Amino acid sequence: RQYPPRMTPHLRREIMKAETYKARLKFLQENSISTADDLTACMHQAESTVTQLAKQRTILNVRKKKRKKLFDALATEESLAVSKALYEEGLSGMETEYAQYAEAKAILDACGISRQALTEEKADIYEQLAQLNKQIRTERQKIKLCRAIADSAAKIYALLYVFPTVVISLFLAMMLNHKGKVMSFFRALYYVPVITSYVVVIVVWQWFFDYDIGLFNSILSVFGIPRVPWLLDTGWSMPSLVLLSIWKNCGYTVLMFMAGLQTVDTNLYEAASIDGRGRIKMFFHITLPQIRPTTVLCVVMVTTWAFQMFV
């Protein structure tokens, strides 16, 4: 292997990603952001700060606009001082510059404000504008980072939520795609979480995830596994939310997959079994192609639900 490694386009992209993640981590640590609420509060505070700074900048720009004629005259007088001296020495070709100098001098003499005061006021206004612009850029960078982090959180949640939901729903739909009173009972049972209020769901799952008396940690303690801070640690909060969402919304996609499975012609399965095809081959060559529209619809709907969690 070459050392140091050659800078390939792929390596450059990975280094840029690493630097981006480092900057985001540093930003989160500096602003003590550990939850989604902290991130939202930080973004709202930055937006409020930008609004206030923009108002101050507007006031300074109004002051600058009112003094623009005087500031331009002051700059003209300073820049054409040499031309004025050359004109007074009798050098030809300086008539236009001298006329501009005389006009600027007349404006400054008529304003009643000393040149020193105008110079100090101009420097003060420009310095304040530069500081305000710098602060606005900093706050806008904060807002950009907050939005980028929020978008990445939504993408991570979607990756963890969409695929398991679709796979589990399809598996359950195939298990329940049989006739009988028992199957009817289980179909109704799997749909109960969908119609259950979110308030009830959150209360019940808070008990499941509780660190001290929660159901999950109690089960882990029986097997000698250390307790998991499901809702207290940022590394476990996202999987916990994904698990809750899958349990809550899985029944709807199960119902849709069951409707799609009802449309599959049973003669295809009979013909495949006569040819000696196994269940796995029948699933990949008959079931999946036949329910492709239902699968696409479920994926789109579940993905939409995932991103709506962070809107």
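These numbers come from the heavy atoms of this one structure, side chains and all, not from hydrogens, waters or symmetry mates. Only a predicted model underlies this, so the values are computations on that prediction, with no experimental measurement involved.
Every residue two or more places apart in sequence or in another chain that forms a ring-ring contact (aromatic ring centres under 6.0 Å, His included) with Trp247 is listed here: Trp205.
With 3.5 Å as the limit, one finds a donor-acceptor pair spanning the side chains of Glu120 and Gln116. In summary, the side chains of Gln206 and Asp210 do not present any donor paired with an acceptor at a separation below 3.5 Å, with no hydrogens or angles considered. A donor atom on one side chain and an acceptor atom on the other are found under 3.5 Å apart for Tyr157 and Ser245.
In this structure, Tyr211 has its ring center no closer than 6.0 Å to that of Trp230.
At most 12 heavy atoms of other shown residues, nucleotides or ligands fall within 6.0 angstrom of atom CD in Glu103. When the shell of 6.0 Å around CZ of Arg24 is examined, it contains more than 12 heavy atoms from other residues, nucleotides or ligands. More than 12 heavy atoms of other shown residues, nucleotides or ligands fall within 6.0 angstrom of atom CZ in Phe283. Remark: Ile225 CD1 is packed, more than 12 non-hydrogen atoms of other residues, nucleotides or ligands lying under 6.0 Å away. The number of heavy atoms from other shown groups lying within 6.0 Å of OH (Tyr252) does not exceed 12. Residue-environment remark: CD (Gln45) stays at or below the threshold of 12 foreign heavy atoms within 6.0 Å. For Arg292, the CZ atom counts as loosely surrounded, since its 6.0 Å shell holds 12 or fewer non-hydrogen atoms of other residues, nucleotides or ligands.
The distance from the CG atom of Leu53 to the NZ atom of Lys134 is 13.5 Å, given to the nearest 0.5 Å. Note that the CD atom of Gln56 and the CD atom of Gln52 stand 7.5 Å from one another [nearest 0.5 Å]. The distance from atom OG1 of Thr138 to atom CD1 of Ile143, rounded to the nearest 0.5 Å, is 11.0 Å.
Contact record, Val254 with Ala173: O-CB, 3.7 Å, taken as the closest heavy-atom pair. Shown here for Asn177 and Gln262, the closest heavy-atom pair between the two residues is OD1-NE2, 2.6 Å.
Put simply, the residue from Lys105, Lys84, Arg115 that forms a salt bridge (Lys or Arg N to Asp or Glu O under 4.0 Å) with Glu77 is Arg115.
Under a cutoff of 6.0 Å and an axis angle of 45°, Lys64 and Phe71 do not form a cation-pi pair.
Ring pair Phe216/Phe208 is tilted by interplanar angle, where 30° to 60° counts as tilted.
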